[in-house]
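Structure first, commentary second.
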Amino acid sequence: MSQVKATMTEQPATGAYSPKDVEAKWTGYWFENDMFATRVDPDRPNFSCALPPPNITGNLHMGHALNGTIQDMLTRWKRMQGYNVLWQPGTDHAGIATQMVVERELKKQVPPISRHQLGREEFIKRCWVWREEYGNNILNQYKRLGVSFAWDRLQFTMDPDYVKAIYRAFVILFDEGKIYRGNRVTNWCPRCLTSVSDLEVEHEETKGSLYEIKYPFSKEDGGTGDAGGPGVVVATTRPESMFGDVAVAVNPKDDRHKNIVGKKVVLPLTDRVLPVIGDQYVETEFGTGALKVTPAHDANDWEIGQRHKLPSPVVIDKHGKMFANEFVPTQFQGQERFAARKLVVEELKEKGFLVEVKDYTHGVAYCERCHTVIEPYLSEQWYLQMSELAQPAIEVVEKNQVQFIPERYASTYLDWMRNVRDWNISRQLWWGHRIPIWTCENGHVKAYEQTPSQCRQCSSTKLEQDPDVLDTWFSSALWPFATLGWPEKTPLLKTFYPTTILSTAREIINLWVSRMIFTGVKFVGTIPFKHVLIHPVIQTKDGKRMSKSKGNAVDPLDMIEKYGADANRFWFATVGVKGDQDVRFHEDKLDEYKKFANKLWNAGKLVLDKLKDYEVQSIDLSKCTLPDRWILHRYTRLLESLQDQLQNYDFTEAAQGLYEFAWDYFCDWYLEIAKQELANSDGKSGQQTQNVLYYVFEGLLRALHPIMPFITEEMWEKLPHAEFMVDLESIMFAPYPRAHAGYLDEQAEQKMELIIKTIRAIRNIRQTFNVDRKAEAEVLIEVSDKSELETLSKARSYIASDNNARVNPLTIEAKVTAPKMAATAVVSSATIFVPLGKLIDVEKTGGKLNEQREAVLKEVNKLAQMLDNPDFRKRAPADKVAAQQEALREVKSRLETIDAQLKLLQG
RNA sequence: GGGCAGUUGGCGCAGUUGGUAGCGCACCACUUUGACAUAGUGGGGGUCACUGGUUCGAAUCCAGUACUGCCCACCA
């Protein structure tokens with residue numbers, strides 16, 4: 001490993017933190033020195049996760065960035081905890097998407113070329129060229145986020161070893177008879193010219209029309225066979241498909257129609273005669289209660305056609321144009337389907353068959369990739385039989401071997417798997433894994449892992465490979481183990497499989513997660529991951545889905561540019577995985593966390609300044625000041641919670657805890673006091689304060705590192721280090737800080753709380769009465785409780801200091817002579833008097849006191865009422881009653897103090 | 001049609017086993033003292049969507065209603 005240590009980045013003297021250079025520098029340092037390379041020490045525990053492979057055509061979006069941050073936080077945290085970590089990165093060849101991009105490029109050429117002109121082989125070559133050029137773009141974008149994935153183990157779903165895994169899996173399934181050829185209606189994209197799965201189809205509410213068309217009874221069934229005579233009215237949204245009709249179906253229970261079952265009707269605009277059949281599928285409530293049956297162009301009609309053994313004439317071709325065959329009247333042949341619809345409707349109207357047209361909004365299926373309206377299309381496809389494969393995959397989730405987080409998503413998965421249908425795994429594309437099925441001249445259909453030279457059954461050398469490629473999800477289904485070398489029993493597979501977690505978006509639970517689970521169980525014999533983290537979807541600030549085409553998508557790279565990667569990551573951490581299922585994006589949040597980074601930066605500057613020439617040494621608790629012990633206590637509590645929170649994937653709380661600790665406790669209170677301590681001290685107590693300052697700040701950086709890797713690395717490098725960390729090349733290899741119970745100190749906590757409240761009360765009075773900030777104020781504090789008196793007496797220098805309440809002279813006694821013209825506040829057993837002399841505004845003081853009195857009185861009444869209720873005293877647990885009684889006593893005494901002060905004021 | 005979320009001050013959210021509503025941003029006022037004005041200090045602001053129930057007591061438990069959003073599903 002190269003030992004070129006990055007040098008410190010010069011920051012502008014203004015005090016503001018500028019993330020840009022810092023981030024570029026450390027990204028370079030980490031990646032150039034292979035810091036994230038996989039290292040395996042058999043004595044250490046293992047942590048692994050696989051990055052959901054982005055499409056090579058993809059660009060980093062908010063979802064990627066959130067997901068990347070979640071995985072990186074865990075990976076960095078585990079690395080710091082001494083685990084062997086593998087965060088497996090890589091990309092997906094993305095069949096349709098890549099093919100579309102390359103086709104689009106070809107179209108831009110002069111003259112434009114189609115892929116068919118190029119031919120399959122040449123086209124695939126172009127795809128490879130494209131992939132070499134741009135295929136890792138998105139991973140490089142990921143780097144900007146500070147991700148620590150194993151760059152040395154980059155995988156691609158078309159790498160030779162990966163392809164080997166795919167064909168091994170395919171052949172196993174094929175030889176078990178689970179892969180079969182089926183001829184049925186599937187979703188077809190007339191633009192991509194391929195079948196797509198149900199999951200690759202988007203349904204959108206679209207305004208359209210419901211056409212009611214009269215199908216007249218034939219002459220032998222009492223009709224005239226034309227529009228003028230009696231008939232049955234069917235309702236359809238797709239009149240152009242009528243030429244493929246083979247029947248009219250009604251519900252046999254429908255009183256209006258049941259007597260016409262068995263009759264014949266004439267298909268309008270043609271001479272064809274169709275039977276009226278009875279089928280339960282027909283909804284009596286919908287439309288006219290009569291349904292035209294078009295088996296080749298509607299999945300439901302296909303089912304009906306199968307039940308009634310009806311033919312299935314095809315009238316729309318794969319391009320979405322009306323077929324030129326005997327079923328389609330010549331005037332419509334070759335017309336595009338939507339143009340044909342218009343023409344058909346016109347002619348129906350003209351000839352009197354069109355009964356009514358109603359506005360109708362319904363879900364229309366669109367191709368997820370190109371937004372073309374999907375055409376249900378009768379075609380031959382390869383299917384994977386799912387029922388047997390699903391069973392064990394259902395069990396591992398039912399038995400909690402694979403656990404969804406949040407839990408509710410387990411039912412999304414289970415509902416899908418329990419009703420799973422056979423999987424159409426073939427696609428009519430060129431870019432992808434060609435289906436490894438060869439058919440010989442004698443019709444023997446076999447699957448081969450490698451291109452065969454002869455038929456396995458008859459040794460014929462005349463073989464032809466299936467032209468289709470596999471659904472892209474077939475290859476990504478194998479991701480968790482194919483990336484680790486399966487089917488070989490590699491050491492990596494042994495070490496890192498099953499992976500620890502999988503983190504992804506809920507929209508691909510069925511598409512991807514379910515398939516990894518069943519393939520993992522099937523091929524490796526074990527679950528692919530223990531925990532599935534499903535993160536929220538990031539929406540626009542008004543709750544809309546972000547989409548590139550709508551132009552409302554926020555580009556995370558822009559946000560990183562503007563606010564820094566650490567600020568973005570911090571926001572992603574607060575989003576976490578355990579909260580709502582959707583999160584709206586508000587840019588102010590990034591600004592807030594940018595300010596947090598700035599705050600840390602400036603705190604770091606102060607700490608460094610106070611630790612000039614500091615040599616690390618251990619803390620001597622017995623010599624520590626109260627604030628020292630207090631911050632150690634708070635810090636220890638923070639670490640305890642962090643351990644729990646990160647363990648439970650509670651990133652939201654972990655981030656909030658760190659934010660609160662760093663800003664409120666450390667910066668606002670401890671640093672203010674420590675600053676003063678170090679300025680005043682004679683060097684004895686100051687030494688311990690330095691130790692504590694170092695201990696807490698250095699630890700805080702490590703604690704923050706998984707969330708904010710850049711700024712913590714930058715500052716950590718500048719700090720001196722304890723011996724065991726001196727040689728580390730990066731904070732990422734330093735141990736995650738652990739809580740030491742010895743630093744817990746509840747007493748210090750209570751004492752500091754009293755002091756803080758006291759300081760706040762004095763500040764409140766000062767501001768309420770407009771005491772000049774620069775002026776010192778006289779303060780008298782009467783403390784009835786003995787230990788509180790001691791605490792406050794010992795803390796007098798903190799209370800009096802310019803940073804805090806700026807008091808002089810300060811009197812703290814068990815009993816003081818209450819000054820007449822004074823503002824008053826009560827904190828616990830302490831009554832604070834600030835004599836204001838001429839400054840005092842009797843009216844204002846009285847008003848303020850009366851306000852307080854009212855608030856306190858309200859509490860008194862509420863508590864008294866509760867305690868007066870005999871039911872409460874009878875039924876509430878004794879400790880609760882006692883607690884309320886105690887609360888009442890406390891509130892009453894505050895009321896008395898206020899009353900006394902009011903009396904004095906009115907004097 | 002089925003399922004899942006959410007509804008708490010202007011905005012974004014916390015509120016574990018029911019016991020006097022918290023935080024951040026924004027807002028108002030004051031302050032440029034050597035970590036930070038991307039700051040400090042103080043302050044104002046909420047009948048916890050609605051209805052009913054359980055309970056001595058409900059933001060919290062139960063039932064229902066209303067909106068908002070997501071997922072799944074073969075109503076033409």
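Fair warning: this is a prediction, and the values are worked out from it, not measured in the lab. Order of the sequence lines fixes the chain letters, A, B, ..., with proteins taken first and strands second; residue numbering starts at 1 for each chain.
Summarising the base pairing, B:rG18 is matched to no nucleotide, lacking a Watson-Crick or G-U wobble pair whose two defining distances lie under 3.5 Å. Remark: B:rG1 base-pairs with B:rC72; criterion is Watson-Crick or G-U wobble with both hydrogen-bond distances under 3.5 Å. Nucleotide B:rC25 forms a pair with B:rG10, judged by Watson-Crick or G-U wobble geometry with both contacts under 3.5 Å. The nucleotide B:rG64 finds its pairing partner in B:rC50, both defining distances of the Watson-Crick or G-U wobble pair being shorter than 3.5 Å.
Below the 3.5 angstrom threshold, one finds no donor paired with an acceptor across the side chain of A:Lys874 and the base of B:rC56.
Backbone-only engagement by A:Gln884 is indicated by non-hydrogen atom pairs under 4.0 Å involving sugar-phosphate atoms exclusively. Among the protein residues, A:Asn869 comes within range of the sugar-phosphate backbone only, with heavy atoms under 4.0 Å from sugar or phosphate atoms but none that close to a base. A:Pro877 comes within contact range of at least one nucleobase, with a heavy-atom separation under 4.0 Å. Heavy atoms of A:Val282 sit under 4.0 angstrom from at least one base atom. Residue A:Arg421 is classed as a sugar-phosphate contact, given heavy-atom separations below 4.0 Å to backbone atoms only.
Using a 3.5 Å distance cut-off with no hydrogens or angles, the side chains of A:Ser195 and A:Asn424 do pair a donor with an acceptor. Checked by atom type, the side-chain pair A:Lys610/A:Thr689 shows no donor-acceptor distance below 3.5 Å.
The CG-C1' distance, from A:Asn804 to B:rG42, rounds to 14 Å in whole Å.
Distance from the side chain of A:Tyr281 is smallest for B:rA76 among the nucleotides B:rU41, B:rA76, B:rA35.
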